[in-house]
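Here the structure comes first, spelled out in structure tokens, and everything after it is commentary.
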Amino acid sequence: EVSSNWSASNSVSGFLGTGYYYAETAPVSDGASFWFFMPQAGTKTIDAWWPAASDRSNNAKFVAFNAAGTKLGTASKNQQTNGNRWNQLGSYTFSSGWNRIVLSRWTIDSNVVIADAIRVR
């Protein structure tokens with residue numbers, strides 16, 4: 001789920017599916033949300049995928065929230081490297097219901113953040 005401030009693309013190879021979304025970093029609350037349903041509470045490991053390039057953020061923040069909207073933790077990743085593969089963000093204890101991972105735009109490196117895919121395992 002992204003706002004109209006995010007753009008769709010498939011210009012850099014290494015993405016999953018048909019493409020990815022990108023947005024310029026800025027001090028705004030306008031993240032890309034990846035939602036997933038948990039029938040019962042439990043601990044899950046979250047991974048993220050992106051196509052890497054030199055114009056990517058070197059400090060992309062992925063924030064985990066439970067179904068009640070409580071922040072569980074934040075992982076910072078350099079999206080200039082480690083592209084075209086799963087990158088572990090961390091393990092979190094999620095509640096039952098619709099949980100989410102948000103890729104924040106809030107960083108000061110004047111690049112873009114890439115919202116491609118997450119994996120819950």
Side-chain angles (χ1 to χ4, degrees):
E1 177 181 46
V2 296
S3 75
S4 61
N5 297 318
W6 289 74
S7 300
S9 181
N10 60 6
S11 63
V12 176
S13 65
F15 55 85
L16 287 180
T18 59
Y20 54 89
Y21 287 94
Y22 70 93
E24 291 183 16
T25 58
V28 296
S29 297
D30 181 30
S33 292
F34 296 91
W35 296 89
F36 62 96
F37 185 78
M38 296 274 295
Q40 56 188 337
T43 300
K44 297 291 183 182
T45 298
I46 306 297
D47 303 315
W49 183 289
W50 58 81
S54 61
D55 66 341
R56 311 308 196 214
S57 174
N58 63 10
N59 193 24
K61 304 245 188 299
F62 292 85
V63 187
F65 293 93
N66 69 13
T70 302
K71 180 179 170 181
L72 303 176
T74 302
S76 297
K77 294 295 178 178
N78 182 349
Q79 291 190 316
Q80 295 176 1
T81 62
N82 298 319
N84 312 335
R85 68 177 192 147
W86 290 112
N87 294 275
Q88 185 172 315
L89 302 180
S91 294
Y92 307 97
T93 301
F94 295 100
S95 53
S96 63
W98 286 99
N99 297 270
R100 71 181 173 143
I101 304 298
V102 176
L103 172 57
S104 175
R105 293 176 57 196
W106 199 292
T107 191
I108 57 171
D109 63 11
S110 300
N111 288 315
V112 297
V113 288
I114 305 299
D116 189 348
I118 65 157
R119 176 173 68 177
V120 181
R121 58 185 172 93

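Given the structure is predicted, the values throughout are model-derived calculations rather than measurements. Because only heavy atoms are used, hydrogens play no part in the values below, and waters and symmetry mates are left out as well, while side chains stay in.
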Contact between Pro51 and Asn84 at the side-chain level, heavy atoms closer than 4.5 Å - yes or no? yes
Can you list every ring pair (Phe, Tyr, Trp, His ring centres under 6.0 Å) pair that touches residues 46-89, not counting sequence neighbours? Trp49-Trp86
Just to verify, which of Arg119, Arg85, Lys77 counts as forming a salt bridge (Lys or Arg N to Asp or Glu O under 4.0 Å) with Asp47? Arg119
Looking at Gln80 and Arg56, would you say the former's side chain and the latter's main chain have a donor-acceptor pair under 3.5 Å? yes
Is there a side-chain contact between Ile46 and Val120 (heavy atoms, below 4.5 Å)? yes
First locate atom CD1 of Ile118, then atom CZ of Arg100, and finally report the distance between them rounded to the nearest 0.5 Å. 11.5 Å
Quiz question: by atom type and distance under 3.5 Å, do the side chains of Asp30 and Asn5 form a donor-acceptor pair? yes
Which heavy-atom pair separates Gly19 from Asn10 by the least distance, and what is that distance? CA-CB, 4.1 Å
Going by atom types alone, do Asn111 and Thr25 pair a side-chain donor with an acceptor below 3.5 Å? no
Smallest separation among heavy atoms of Pro39 and Ser96, with atom names: O-CB, 3.7 Å
Residue pair Asn59 / Ser57: nearest heavy atoms and the distance that separates them: N-OG, 3.0 Å
Grab the two heavy atoms, one from Trp6 and one from Ala23, that are nearest each other, plus how far apart they are. CD2-CB, 3.4 Å
Heavy-atom donor-acceptor pair, Asp116 side chain to Leu16 backbone, under 3.5 Å: yes
Sequence neighbours excluded, every pair satisfying ring pair (Phe, Tyr, Trp, His ring centres under 6.0 Å) that has a member inside residues 23-44: Phe36-Phe94, Phe37-Trp98
Which residue pairs pass the ring pair (Phe, Tyr, Trp, His ring centres under 6.0 Å) test with at least one member in residues 102-121, sequence neighbours excluded? none
Within this structure, what is the CG-OG distance for the pair Asn58 and Ser76, rounded to the nearest 0.5 Å? 10.0 Å
Would a single hydrophobic cluster contain both Val113 and Leu89, if residues Ile, Leu, Val, Met, Phe, Trp and Tyr are joined by side-chain heavy-atom contacts under 4.5 Å? yes
For residues Val112 and Val2: do they belong to one hydrophobic cluster (side chain heavy atoms under 4.5 Å, members Ile, Leu, Val, Met, Phe, Trp, Tyr)? yes
Can a donor-acceptor pair be found, under 3.5 Å and without considering hydrogens, that links the side chain of Asn66 to the backbone of Ser95? no
To the closest 0.5 Å, what do you measure between CG (Asp109) and CG (Asn78)? 9.0 Å
According to a 4.5 Å side-chain heavy-atom criterion applied to Ile, Leu, Val, Met, Phe, Trp and Tyr, with indirect links allowed, do Ile101 and Tyr21 form part of one hydrophobic cluster? yes
Backbone N/O of Ala60 and side chain of Gln79: donor-acceptor pair under 3.5 Å: no
